Visitor: 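I have a structure I would like to understand better, so I am pasting it below and will then ask my questions one at a time.
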Amino acid sequence: IFMVARMSPLYEYSETALSFILVIGAITALFMGFLGLIQNDIKRVIAYSTLSQLGYMTVALGVSAYSAAIFHLFTHAFFKALLFLAAGSVILALHHQQDIRQMGGLKKYLPITYWTSLIGTLALIGFPGLAGFFSKDAIIMAVHESTIAGSSFALWAVMIGVFVTSLYSFRLLFLVFHGKERFDAHGHPPHESPKVVTWPLVLLAVPSVLSGYLIGSLVYDKFFGDAITVMPQHDVLAAADYHGLAGFILHGLMTAPFWLAMAGLVTAWYLYLKRPDLPARIQQRLMWLWRILDNKYGFDTFNEKVFAGGSRGLGWLFSRVGDRLLIDGLVVNGAARTVGLISRVGRKMQTGYLYHYAFVMIIGVWLLLTWFVV
């Protein structure tokens, strides 16, 4: 993200390159979010969420909203670090259990972890007033203003991604902290993590709320100066028409991303608290889709067979043909065998018998005479 933003003077000269970045980012934002919906490892859900948010940043780069991409990178660092450390707190409390299906009802046992996780989750889904709201809405508004190829697809992708983000985020929160207890207490109930764990959660919760309020200076007031170059025809942030923090928040409350985020929250509540039997039934009905998501769209298999397998095959070829046959066999051992052959022939010639040397001298004289005569 930083590299593309820093190289903006180059990318600005190619709308083809920007469109490519935009489409890749849109695909990443949406399809990595889908993977977060079916993960059961608490850290994997957050990890795929990170990939999805990197997609949002890449979308911002693709529409030349470089400062918005860096701003989302900045705000996202706080609430995503908070969520990862909160996951660690939960894992610690449950004796290294990471399967969210083996959790539930932890709110009363881990109050600090719960409330800080809630703040991080709300920031992640873009709840108005929290850090993620400002940076994510700035990106969506920039995409809406863009006219380069792929911007319409990207707008749909990031809008759907808002709903998906909210759905998997609150799926995680509800399955871990709410509902019935499904964990094995190992003889004693879980308890809140020590201060060395909870204090960083509290300290990260503060910028997860407040860091978004820097949007005016960091995104719309040319804070980065000459470090970022945007051509006038690509300046979507200027076209977004920022009217201050209050106006930004009020505008956000009336636009689709907010309602999509709330729809994701309500859907997660209904599926995982109100009707916890439904997800399994939906999975059975859509088993083909679940398998596609569980297999990560086949990319892991493809990478294993093509890139990893190809690398291993290429290594075998270089080892057998290049190393053993050419280098060891021909160059190293070949040179040794040549020296040995010459030595064996030399030994045959050095017999120590006078008549052998005389015979060789006569043959040599004959060859010289023949050569000169010819």
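Everything quoted here is computed from the prediction, not taken from an experiment. Just so you know, residue 1 is the first one in the sequence shown, and it goes up from there.
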Visitor: Test your reading of the model: is there a side-chain donor-acceptor pair from Arg182 to the backbone of Ile100, 3.5 Å cut-off?
Guide: yes
Visitor: When clusters are formed by joining ILVMFWY residues with side-chain heavy atoms under 4.5 Å apart, either directly or through shared neighbours, do Leu118 and Val197 land in the same one?
Guide: no
Visitor: Determine whether Tyr270 and Leu278 make a side-chain contact, defined as any pair of heavy atoms from C-beta on separated by less than 4.5 Å.
Guide: yes
Visitor: With a 6.0 Å cut-off (strictly less than), is the heavy-atom count around NE2 of His178, excluding the residue itself, greater than 12?
Guide: yes
Visitor: If you measure only the distance, is there a donor-acceptor pair under 3.5 Å linking the side chains of Tyr168 and Gln39?
Guide: no
Visitor: Using modelled atom types only, decide if a donor and an acceptor are shared between the side chain of Ser311 and the backbone of Phe307 within a distance under 3.5 Å.
Guide: yes
Visitor: Using the side-chain contact (heavy atoms from CB on, under 4.5 Å) rule, pick out the option among Val206, Leu85, Leu201 that qualifies with Thr116.
Guide: Leu201
Visitor: Please tell me if the side chains of Leu130 and Ser208 come closer than 4.5 Å, counting only heavy atoms from C-beta onward.
Guide: no
Visitor: Would a distance-only check, ignoring hydrogens and angles, find a side-chain to backbone donor-acceptor pair under 3.5 Å from Ser135 to Thr75?
Guide: no
Visitor: Would you indicate whether the side-chain heavy atoms of Trp290 and Ile282 approach each other to under 4.5 Å?
Guide: no
Visitor: Do Tyr109 and Phe183 have side chains that get closer than 4.5 Å, going by heavy atoms?
Guide: yes
Visitor: Side-chain contact, heavy-atom cut-off 4.5 Å: Asp99 with Gln97?
Guide: yes
Visitor: Does a salt bridge link Lys108 with Glu192, judged by any charged N lying under 4.0 Å from a carboxylate O?
Guide: no
Visitor: Mind checking the OG-CG spacing from Ser49 to Leu54? Nearest 0.5 Å is all I need.
Guide: 9.5 Å
Visitor: Report yes if the distance between the aromatic ring centroids of Phe31 and Phe34 is under 6.0 Å, otherwise no.
Guide: yes
Visitor: Any side-chain heavy atom of Thr165 within less than 4.5 Å of one from Gln53?
Guide: yes
Visitor: Could you tell me whether the side chain of Thr338 and the main chain of Gly334 form a donor-acceptor pair under 3.5 Å?
Guide: yes
Visitor: Angle between ring planes, His76 versus His72, binned at 30° and 60°: parallel, tilted or perpendicular?
Guide: tilted
Visitor: Please check this pair: side chain of Ser8 against backbone of Ala5, looking for a donor-acceptor N/O pair closer than 3.5 Å.
Guide: yes
Visitor: For Thr58 and Gly25, indicate whether the former's side chain and the latter's backbone hold a donor-acceptor pair under 3.5 Å.
Guide: no
Visitor: Tell me if the CZ atom of Phe2 is crowded by more than 12 foreign heavy atoms within 6.0 Å.
Guide: no
Visitor: If you count heavy atoms of other groups shown closer than 6.0 angstrom to CZ of Phe223, is the number above 12?
Guide: no
Visitor: Between Asp41 and Lys43, is there a side-chain N and carboxylate O pair less than 4.0 Å apart?
Guide: no
Visitor: Let me confirm one number: the CG-CZ distance from Leu253 to Phe127, rounded to the nearest 0.5 Å.
Guide: 8.0 Å
Visitor: Ignoring hydrogens, what is the shortest heavy-atom contact between Ala205 and Leu82? Give both atom names and the distance.
Guide: CA-CD2, 4.0 Å
Visitor: Has the side chain of Ser146 got a donor or acceptor atom that lies under 3.5 Å from a matching backbone atom of Val63?
Guide: no
Visitor: Run the ring-ring contact (aromatic ring centres under 6.0 Å, His included) test on Tyr272 and Phe170 for me, step by step, so that the C-alpha distance in whole Å, both residues' side-chain angles and the decisive distance to 0.1 Å come before the verdict.
Guide: CA-CA 9 Å; Tyr272 299 102; Phe170 276 96; over 10 Å; no
Visitor: Measure from the side-chain N and O atoms of Lys296 to the backbone N and O of Thr301, and report whether any donor-acceptor pair falls under 3.5 Å.
Guide: no
Visitor: For the residue pair Ile27 and Phe153, establish whether any side-chain heavy-atom pair is separated by less than 4.5 Å.
Guide: yes
Visitor: Could you check, using the six-membered ring where one of them is a Trp, whether Tyr114 and Phe177 have ring centers closer than 6.0 angstrom?
Guide: yes
Visitor: Going through the distances and angles, do Glu181 and Lys107 end up as a salt bridge (charged side-chain N to carboxylate O under 4.0 Å, His left out)?
Guide: CA-CA 10 Å; Glu181 298 175 3; Lys107 177 183 176 182; over 6 Å; no
Visitor: Taking Thr28 for its side chain and Gly55 for its backbone only, find out whether a donor-acceptor pair lies under 3.5 Å.
Guide: no
Visitor: Could you tell me whether a side-chain N or O of Asn295 sits under 3.5 Å from a main-chain N or O of Tyr297, the two making a donor and an acceptor?
Guide: no
Visitor: For Phe318, I'd like to know if atom CZ has over 12 heavy atoms of other residues, nucleotides or ligands within 6.0 Å.
Guide: no
Visitor: Could you tell me if Glu12 and Tyr66 have a donor-acceptor pair between their side chains, going purely by distance under 3.5 Å?
Guide: yes
Visitor: Going by an N to O cut-off under 4.0 Å, is there a salt bridge joining Arg6 and Asp226?
Guide: no
